Number of protein chains: 2
Amino acid sequence: MPHTHSKADAQFDAALELLRANHQRVTEPRKAIIGILTKEHGPFTAEEVHKRMKKGSCDLVTVYRSLAAMEESSVVRRCDFGDGAYRYEINTGDHHHHHIVCRACHTAQTLDVCVADGLERIARQLGYSKVTHLLEIFGVCPHCQTEQDKQPRQD
Amino acid sequence: MPHTHSKADAQFDAALELLRANHQRVTEPRKAIIGILTKEHGPFTAEEVHKRMKKGSCDLVTVYRSLAAMEESSVVRRCDFGDGAYRYEINTGDHHHHHIVCRACHTAQTLDVCVADGLERIARQLGYSKVTHLLEIFGVCPHCQTEQDKQPRQD
DNA sequence: ATATGTGCAAATTCTTTGCATTAGA
DNA sequence: TCTAATGCAAAGAATTTGCACATAT
């Protein structure tokens, strides 16, 4: 069966739709960025996105500006892995999630569980508005572990 | 009753002890930094710490270097409020905690609950070692809210 | 047609580093 | 005494901004 409409394609189309709905223009650089974020497994920094683009597609500055604009319209989501650079992933919209991030190679795997709702409720009870949260798990992935790093399971 | 030994004093003494235990020197700048972190309510960026020090106490670079050194020895803990600057607080050692951070004024209040243990266990089951996590709650504090920002309670 | 986006260069912000000097243990 | 810490200047990394030009709607 021909792969005429993969999940990535659907996310790509939805992203362009979202841009239009927010009166933001669908430009070549933005399409290229969205293409990368939907087809490759991120999240990526602006520089990582730029490196993955066809050479000469656009300036790194445009990647920064596009990602910032697209975060405004919820096309992408910004992640903070605590290492001094922001990363972006496509915003699937369905439900928010978190990551397990390898401290060594910085690859991330998605964690579909979230446990911070209770804390958000506490914040609202304390009178805070527009409550959100940041939650990421860090560790050294099996692939990056040397034998002596491998901890015996502690569960 | 004279306040001869406040909680801040106890934390201050414990911090110096910890420095010595780790063969790090107890210098004037470090004492000043620890003094601020124990007496004032943080967490603070390196620059915020420096501004709070008596003018001429030490260079900003020394604050950066001291904070980094003191994080090594667990005298302080580094926090990431997702706004591009790291913040430090004294490490009380007892148990880790999180913050509710005001998006507007960047003040933080401590949240003594943590809910990420389950997620850490999942990460270990997935084969990750040295698992830690980052969890902060963001919102606009009552003080920074204008009337229209004030959300009806949603709990 | 016109507001929005882009490229290039330069500025900003946060943080780190090199090296000679100073000061804890 | 002698190693670790500091000051000053300069470098570095990530990100932002100004302004003229280009392009999507």
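As the structure is a prediction and not an experimental result, all values here were calculated from the model.
Across D:dT6, C:dT6, D:dA14, the shortest atom-to-atom separation from the side chain of B:Thr27 is found for D:dT6. In the set C:dT15, D:dT15, D:dA9, the nucleotide with an atom closest to the side chain of B:Val61 is D:dA9. Taking only side-chain atoms of A:Asp59, from C-beta outward, the nucleotide of C:dT6, C:dG7, D:dA14 with the closest atom is C:dG7. Comparing D:dT6, C:dT6, D:dT16 by their nearest atom to the side chain of A:Tyr64 picks out D:dT16. For A:Gln24, taking side-chain heavy atoms from C-beta onward, the closest of the listed nucleotides C:dA25, D:dT6, C:dG5 is C:dG5.
For a distance-only test at 3.5 Å, the side chain of A:Arg25 qualifies as a donor-acceptor partner of the base of C:dT4. A donor and an acceptor atom sit less than 3.5 Å apart, one in the side chain of A:Arg65 and one in the base of C:dG7.
Straight-line distance from the CG atom of B:Asp83 to the C1' atom of D:dT15: 13 Å, rounded to whole Å. In this structure, the CZ atom of B:Arg20 is 16 Å from the C1' atom of D:dA4, given to the nearest Å. In this entry the distance linking NE2 of A:His50 with C1' of D:dT15 reads 14 Å, nearest Å. In this structure, B:Asn22 atom CG and D:dA5 atom P are separated by 11 Å, rounded to whole Å. When the C1' atom of C:dT15 is taken as reference, atom CG of B:Leu60 falls 9 Å away, rounded to whole Å. Across the protein-nucleic acid pair, B:Arg30 atom CZ and C:dT22 atom P stand 19 Å apart, rounded to whole Å. Separating the CZ atom of B:Phe81 from the C1' atom of C:dC14 is a distance of 17 Å, rounded to the nearest angstrom. Rounded to whole Å, the distance from NE2 on A:His106 to P on D:dA14 is 11 Å.
With respect to B:Glu120 and B:Arg124, a salt bridge is recorded, a charged nitrogen being found less than 4.0 Å from a carboxylate O. The existence of a salt bridge linking B:Glu48 and B:Lys51 is excluded, since no basic side-chain nitrogen approaches an acidic carboxylate oxygen closer than 4.0 Å.
The residue among B:Cys58 and A:Ala68 whose nearest nucleotide of DNA chain D lies closer to the 5′ end is B:Cys58. Nearer the 5' end of DNA chain C, as judged by each residue's closest nucleotide, is the contact made by B:Arg87, out of B:Arg87 and B:Glu28.
OP1 or OP2 of C:dC14 has not a single side-chain nitrogen or oxygen of B:Thr45 nearer than 4.0 Å.
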Would you please test B:His99 and B:His106 for ring-ring contact (aromatic ring centres under 6.0 Å, His included) and show each step?
-> CA-CA 11 Å; B:His99 303 95; B:His106 284 122; over 10 Å; no

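Between the side chains of B:Gln109 and A:Tyr128, at least one donor N or O lies within less than 3.5 Å of an accepting N or O.
B:Phe138 and B:Phe81 have perpendicular rings, their planes meeting at more than 60° on a 0 to 90° scale where under 30° would count as parallel.
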